[in-house]
Colleague: 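If you scroll down you'll find the structure; I have some questions about it.
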Amino acid sequence: MRRFGLIVTCSMAFVAPAAACGPDTDCQLGDRTYRIQMPESAEGKVGALIFAHGYRGSAKGTMRNKALRSLANELGVALVATKSASQDWLIPGVPENTAEDGLKEFEYYDALIDDLEQKFGIDRDNLVASGFSAGGMMVWNLACQRGGAFSAFIPIAGTFWQPVPVTCPSFPVNLVHIHGTADKIVPLEGRKIAQTRQGSVTKAMSLLKTEGVFGDPSQSEGSGLACETAANDKNQVLGFCTHPGGHSIKMDYLRKAWQMLQDAGAIQ
């Protein structure tokens, strides 16, 4: 019996435990994945910065951005790196398939938020969606269709594909858009790609301003950004920040947008 017990014990020792996921390992979510970095120090439930990568990007690539990971720690939130269903986000107007309605991606984000709460105790009432380039386009679509699932949105250098929606069921929302005035990859008024065209940031901002009944903006500068900020009677904030550069992202830009949203009471 002693020998049998030793055999059983040794056999159990070689049973591999379920792989944990984190910043360096994929978290499985059905047939999709994501990665997560929890903040180094936090008390109770923490919020999350949910970041969407650019064209042909990945969650792994997002987590390689040490400056982004450091900023999330500084803000005291989890950093969640999402992964598109294909090489690009499958949203309306995307060149890969202009007939896409975005449902695959919206359902992915729905499941993601549930998973974050259940597995990591993330506070679903303190979520900010952000993304760069094609990821910024994903963020605008989330703001349009899943506005109630997030406290705020920070799209960077990306907006809707053409045509810009004439209405959005989720508007109004808290949103700060960041864009370079010299951006040639995703110009402020868009450019033609294959059989489709990038949308106009001006039109997207105008749509949100109108549907949200945002008032006249105030102007401010800081962190290399020139910003216009407006509010509505729901105490929501709409920000449009530009920098003189091209298709780029700096953590100071993201930090500035976060502070604007905090100052307005949109996020904790």
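Every value quoted in this text rests on a predicted model; they were computed, and no experiment measured them.
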Colleague: Does either side chain, that of Gln162 or that of Thr196, offer a donor lying less than 3.5 Å from an acceptor on the other one?
Modeller: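 No, because no side-chain N or O of Gln162 sits under 3.5 Å from a partner of the opposite role on Thr196.
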Colleague: Please report the shortest heavy-atom distance between Phe51 and Ile249, naming the atom on each side.
Modeller: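 Taking Phe51 first and Ile249 second, the nearest heavy atoms are CZ-CD1, 3.9 Å.
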Colleague: CG of Leu142 to OH of Tyr109: how many Å apart, nearest 0.5 Å?
Modeller: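 Here the rounded value is 5.5 Å.
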Colleague: Can any side-chain N or O of Lys192 pair as donor or acceptor with the backbone N or O of Ala194 at less than 3.5 Å?
Modeller: yes
Colleague: Can you confirm if the aromatic rings of His179 and Phe240 lie within a centre distance of less than 6.0 Å?
Modeller: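 No - the distance between ring centres of Phe240 and His179 does not fall below the 6.0 Å cut-off.
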Colleague: Quick one: sort the Phe171 and Trp140 rings into parallel, tilted or perpendicular, breaks at 30° and 60°.
Modeller: perpendicular
Colleague: What distance do Glu211 atom CD and Cys168 atom SG have between them, rounded to the nearest 0.5 Å?
Modeller: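 Result: 6.0 Å between the selected atoms.
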Colleague: Is the closest side-chain heavy-atom distance between Ile154 and Val139 below 4.5 Å?
Modeller: no
Colleague: Using only atom types and a distance under 3.5 Å, with no angle test, would you say the side chain of Arg35 pairs donor to acceptor with the backbone of Cys21?
Modeller: no
Colleague: Indicate whether any N or O donor in one side chain lies under 3.5 Å from an N or O acceptor in the other, for Gln198 and Thr159.
Modeller: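 Per modelled atom types, Gln198 and Thr159 side chains form no pair under 3.5 Å.
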Colleague: Please name the pair of heavy atoms, one in Pro244 and one in Ala182, separated by the smallest distance, quoted to 0.1 Å.
Modeller: O-CB, 3.5 Å
Colleague: On a heavy-atom basis, which atom in Val176 and which in Cys241 lie closest, and how many Å separate them?
Modeller: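 Heavy atoms of Val176 and Cys241 come nearest at CG1-SG, 4.0 Å.
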Colleague: Apply side-chain contact (heavy atoms from CB on, under 4.5 Å) to the pair Ser133 and Val186, showing each step before the final yes or no.
Modeller: CA-CA 7 Å; Ser133 192; Val186 185; 4.2 Å; yes
Colleague: Given 3.5 Å as the limit, does a donor-acceptor pair link the side chain of Gln87 with the main chain of Arg56, or not?
Modeller: no
Colleague: Please round to the nearest 0.5 Å and tell me the distance separating atom CG of Leu103 and atom CD of Glu107.
Modeller: 4.0 Å
Colleague: Examine distances only and state if a side-chain atom of Asp123 and a backbone atom of Lys45 form a donor-acceptor pair shorter than 3.5 Å.
Modeller: no
Colleague: Where is the tightest heavy-atom contact between Phe214 and Ala230, given as atom of each residue plus distance?
Modeller: CD2-O, 3.7 Å
Colleague: Does Thr210 reach the main-chain N or O of Ser206 with its side chain, forming a donor-acceptor pair under 3.5 Å?
Modeller: yes
Colleague: Will you find, in the side chains of Asp263 and Gln259, an N or O donor that is under 3.5 Å from an N or O acceptor?
Modeller: yes
Colleague: Tell me the side-chain hydrogen bond (donor to acceptor under 3.5 Å, both in side chains) pairs involving residues 220-232, sequence neighbours left out?
Modeller: Asn232-Gln236
Colleague: Hey, what do you get for CG (Asp24) to NZ (Lys60), rounding to the nearest 0.5 Å?
Modeller: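 Rounded to the nearest 0.5 Å, the CG-NZ separation comes out at 9.5 Å.
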Colleague: May I ask whether Val237 and Leu49 are part of the same hydrophobic cluster, defined by side-chain heavy atoms of I, L, V, M, F, W, Y residues being less than 4.5 angstrom apart, directly or through others?
Modeller: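 Linked, Val237 and Leu49 end up in one cluster.
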Colleague: Answer with yes or no whether the hydrophobic clustering places Leu207 together with Leu188; edges join I, L, V, M, F, W, Y residues whose side-chain heavy atoms lie under 4.5 Å apart.
Modeller: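 Yes, Leu207 and Leu188 fall within the same hydrophobic cluster.
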Colleague: Please tell me whether His243 and Tyr253 form a close aromatic pair, meaning their ring centres lie under 6.0 Å apart.
Modeller: yes
Colleague: If Ile, Leu, Val, Met, Phe, Trp and Tyr residues are connected whenever their side-chain heavy atoms lie under 4.5 Å apart, and connections chain through other members, are Phe106 and Tyr34 in the same group?
Modeller: yes
